[in-house]
Amino acid sequence: MELTVDQPFDLTASLESGQSHRWDYPGEEGDSWYTGVIRGDLVRIRRTPLGVEFRTSPTVESDFAPRLANYFRLDDNIEAIYDDIRRDKRVAEMVEHYPGLRVLRVEPWECLVSFICSANNNIQRIHNNMETISEAFGSAVSLDRYTRYTFPTPADLAEAGEMELRRLGLGFRAPYVHKAALAVLEGRLDLDELVRLPYPDAKGRLMECPGIGPKIADCIAVFSLEKLEAFPIDVWVRRALGEWYFPNQKIPKDSVLLEWAQNHFGRYCGYSQQYLFHGRRLRGRALDETNAP
DNA sequence: TTCTGCCCTTGGCA
DNA sequence: ATGCCAAGGGCAG
């Protein structure tokens, strides 16, 4: 079925910018369809001139369409957001260059685990970790010749235990994931409540979990808890901010940098950050290819 | 209280 | 081979 998208929408940039870690990308030789899992459904999707074409299982496509629109935040007034974040010249350039990079609305528990896994890790391996966890403890969902696994519940991972998670290759992050599973299972961490809570409170609650510091809390907040004012500061963003806005001087510490960024980029700085991160990463990749023998 | 240095798993790459 | 780095965070001092 086809969903018309009447707004700037870059499927590739949105799915491959390190927000969700549950998508298989179309290969160079492939057929341009992405395959992923959104909550309980396997989803196949590709861009079309008018929007996106998609198939789902087990939910029928007509029922799934609104959930897909929700996942891609098509309810955002994207032009208003772009107008706002264009206050910064460099972000404005990137918006021109990559129109339609969306902030996603990822399922909070899945998002939390993926970003605990992101600590001192690379994107490819985060994907592998998420996939391995799902295959081990999730449920199979199939469509045609494709089979994937849903992301396991907190109860599933609490029962699995730290050692089993460690065996799957999570390394030092295994106890963090296990403890987070217990916290959610026992009601000490209520992710639904965090959606309703103001940003600073939600971030504070997240940071009570071992393994979740300011950066990871901000990632969870912006990609799954409706906090577009969160601004995750990672190595790429810190590097970019330092080079562009604090040249030839010591880069302020992250807590100062965060306050500066939220003030400078405005209330939708989560979008600004995604543009800075994505633009910076693509530039790095292009440079790598340029320097390749 | 705040800052610094070091450690933590794993794997890919030079 | 061996070290460095990868969407960081905890901990000691």
Side-chain angles (χ1 to χ4, degrees), chain A residues 13-23 25 94 101-104 106 108 110-133 136 161-180 183 189 203-225 227-228 230-243 250-259 261 269-285 287-293:
Chain A
S14 303
L15 294 184
E16 300 194 27
S17 50
Q19 302 181 60
S20 169
H21 300 273
R22 299 242 48 211
W23 292 94
Y25 307 146
M94 292 190 204
L101 167 62
R102 314 292 300 213
V103 167
L104 301 178
V106 179
E110 170 194 319
C111 188
L112 183 150
V113 174
S114 72
F115 280 98
I116 286 179
C117 290
S118 76
N120 199 239
N121 206 348
N122 58 62
I123 289 184
Q124 182 55 55
R125 210 165 70 101
I126 301 168
H127 285 237
N128 292 343
N129 288 153
M130 293 297 282
E131 222 42 42
T132 306
I133 292 172
E162 174 188 335
M163 284 311 148
E164 193 59 19
L165 291 168
R166 197 174 276 275
R167 199 184 62 74
L168 296 180
L170 294 203
F172 62 89
R173 309 163 194 87
Y176 300 153
V177 171
H178 184 237
K179 283 176 179 161
L189 182 64
K203 182 174 179 178
R205 291 282 185 86
L206 289 171
M207 288 176 61
E208 290 172 9
C209 301
I212 300 181
K215 189 272 175 183
I216 290 178
D218 274 335
C219 285
I220 299 167
V222 67
F223 299 136
S224 75
L225 302 179
K227 316 303 183 204
L228 294 184
F231 189 90
I233 298 177
D234 60 47
V235 287
W236 295 90
V237 171
R238 188 181 305 110
R239 222 175 280 161
L241 292 181
E243 181 183 318
K250 208 174 84 176
I251 303 175
K253 59 179 180 179
D254 285 354
S255 57
V256 174
L257 207 49
L258 174 58
E259 207 166 321
C269 61
Y271 264 94
S272 310
Q273 187 275 357
Q274 199 54 24
Y275 267 103
L276 293 174
F277 175 75
H278 186 64
R280 190 66 188 213
R281 230 164 60 90
L282 289 184
R283 205 188 79 174
R285 196 176 296 172
L287 287 177
D288 288 347
E289 284 165 12
T290 304
N291 295 338

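Proteins get letters first, then strands, A, B, ... in listed order; numbering begins at 1 in each. Heavy-atom basis, side chains included; hydrogens, waters and symmetry copies ignored.
Residues meeting the side chain to side chain contact (heavy atoms under 4.5 Å, CB included) test with A:K203, sequence neighbours left out: A:Y199, A:M207, A:P214, A:A217, A:D218, A:L258. Here A:E243 pairs with A:R280, A:R283 under the side chain to side chain contact (heavy atoms under 4.5 Å, CB included) rule; sequence neighbours left out. Listed by chain and number, the residues in a side chain to side chain contact (heavy atoms under 4.5 Å, CB included) with A:A180 are A:W109, A:L112, A:I116 (sequence neighbours excluded). Applying the ring-ring contact (aromatic ring centres under 6.0 Å, His included) rule to A:Y271 yields no partners; only residues at least two apart in sequence or on another chain are considered. Residues meeting the ring-ring contact (aromatic ring centres under 6.0 Å, His included) test with A:H127, sequence neighbours left out: A:H21, A:Y25. Looking at residues two or more places apart in sequence or on another chain, you find no side chain to side chain contact (heavy atoms under 4.5 Å, CB included) involving A:K250. Annotation: side-chain hydrogen bond (donor to acceptor under 3.5 Å, both in side chains) contacts of A:N120 (sequence neighbours excluded): none.
Contact annotation: A:R173 side-chain N/O to C:dA6 OP1/OP2 distance is not under 4.0 Å.
Using a 4.0 Å cut-off on heavy atoms, the residues of residues 123-133 of chain A that approach DNA chain B are A:R125, listed by number.
One interatomic measurement links the two molecules: CG of A:L206 to P of C:dG8, which rounds to 17 Å at whole-angstrom precision. Counting to the nearest Å, the C1' atom of C:dA7 and the CZ atom of A:F277 are 5 Å from each other.
Heavy-atom contacts of chain A under 4.0 Å fall on DNA chain B between two terminal nucleotides, which in 5' to 3' order are B:dT2 to B:dG11.
Using a cut-off of 4.0 Å between Lys/Arg side-chain N and Asp/Glu carboxylate O, A:K179 and A:E162 are scored as not salt-bridged.
For C:dA7, the base has no donor-acceptor partner in the side chain of A:Q19 [N/O atoms by modelled type, under 3.5 angstrom].
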Name the pairs: protein N/O against N/O of nucleotides 9-12 of chain C, kept only if under 3.5 Å.
{"unit_1": "C:dG9", "atom_1": "OP1", "unit_2": "A:G213", "atom_2": "N", "d": "2.9"}
{"unit_1": "C:dG9", "atom_1": "OP1", "unit_2": "A:G213", "atom_2": "O", "d": "3.2"}
{"unit_1": "C:dG9", "atom_1": "OP1", "unit_2": "A:K215", "atom_2": "N", "d": "3.4"}
{"unit_1": "C:dG9", "atom_1": "OP1", "unit_2": "A:I216", "atom_2": "N", "d": "2.9"}
{"unit_1": "C:dG10", "atom_1": "OP1", "unit_2": "A:G211", "atom_2": "N", "d": "3.1"}

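Atom P of C:dC4 sits at a distance of 16 Å from the matching atom of B:dC8, rounded to the whole Å.
The CZ atom of A:R205 sits 8.5 Å away from atom CG of A:L189, with the distance rounded to the nearest 0.5 Å. One distance of note links CG of A:N129 with OG of A:S114; it measures 10.0 Å at 0.5 Å rounding.
For DNA chain C, each stem of at least three Watson-Crick or G-U pairs (distances under 3.5 Å) is given as range with range: B:3-8 with C:8-13, B:10-14 with C:2-6.
Residues in residues 113-124 of chain A take part in no salt bridge (Lys or Arg N to Asp or Glu O under 4.0 Å) pair, two or more places apart or across chains.
Both thresholds, 5.5 Å between centres and 30° between ring planes, are not jointly met by A:F115 relative to the base of C:dA7, so the two rings are not stacked.
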